[in-house]
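Here the structure is a predicted model, which is why all the values come from computation and not from measurement. Only this structure's heavy atoms are used, side chains among them; waters, hydrogens and symmetry mates stay out. All ligand and atom numbering here is 1-based and tracks the order in the structure.
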Amino acid sequence: MAVCELRYLGDGVLRQRTEPVERFDAGLGTLLDDLVETMYENAGVGLAAPQVGDTRRATVVDVSEARDGTEVLELVNPVVVSKSGTVDSEEGCLSIPGVVETIERSAEIEVEYQDRHGEPHRVFGVDLLSRVLQHELDHLDGILFIDHLGTLRRDLAVREFKSAMAEKGLPVGPG
Ligand code: NI
């Protein structure tokens with residue numbers, strides 16, 4: 001396993017639509033292992049393949065207290081089965097450091113997905129799990145959480161992101 005370099009807002013890979021996984025091979029296992037390790041290293045609750053520069057349709061989520069890999073969800077080719085209700089809550093993203101904004105999401109969500117072996121599963125999420133699933137599935141379609149903001153708040157968020165990146169000494173891409 002390896003901790004991967006994170007990709008940040010402005011990196012074109014974050015705007016690509018991911019490609020469905022057809023080969024459930026060792027390479028997919030490595031990607032999922034790397035996503036989990038990179039998520040834990042950065043204290044995140046979810047991480048999607050584009051955030052480490054990979055365009056496969058895969059993401060990992062862990063909203064547990066343990067955060068030791070025993071309760072991590074590895075979602076390959078996830079599809080939303082149903083959503084209901086709406087709820088506002090604060091959200092951030094490892095690819096957009098320095099930005100926390102209140103975003104409206106569905107309150108409950110049901111998602112079908114495959115595991116690393118191609119076996120089908122279904123997960124029902126409420127509260128934080130529902131929010132993280134929606135956030136990560138957005139990543140797989142090239143959508144970032146600041147896209148859900150109005151123009152003014154979005155512009156402010158981009159400015160906050162740029163100053164956070166400058167503080168970290170990291171370069172900002174053109175997007
Ligand atoms: Ni994110």
Trainee: I'd like to verify the contacts: list protein N, O or S atoms under a distance of 2.8 Å from the Ni ion (ligand 1).
Mentor: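 N, O, S partners closer than 2.8 Å: Cys93 SG, His135 NE2, His139 NE2.
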
Trainee: Determine whether the aromatic ring centres of Phe24 and His117 lie less than 6.0 Å apart.
Mentor: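 Aromatic pair excluded; centres sit 6.0 Å or further apart.
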
Trainee: What I want to find out is whether Glu19 reaches Arg56 closely enough, with some N-O distance under 4.0 Å, to be called a salt bridge.
Mentor: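 Salt bridge: no.
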
Trainee: Has the side chain of Asp115 got a donor or acceptor atom that lies under 3.5 Å from a matching backbone atom of Gly118?
Mentor: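 Yes, the answer is positive, given that a donor and an acceptor are paired below the 3.5 Å cut-off.
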
Trainee: Regarding Arg131 and Glu91, does a basic nitrogen lie under 4.0 Å from an acidic carboxylate oxygen?
Mentor: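 Looking at Glu91 together with Arg131, the answer is yes, because their closest N to O distance falls below 4.0 Å.
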
Trainee: Does the pair Glu108/Lys83 count as a salt bridge with the N-to-O cut at 4.0 Å?
Mentor: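 Salt bridge absent between Glu108 and Lys83.
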
Trainee: Could you check whether the rings of Tyr8 and Phe161 sit parallel, tilted or perpendicular, using 30° and 60° as the cut-offs?
Mentor: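 The arrangement is tilted - the two ring planes meet at 30° to 60°.
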
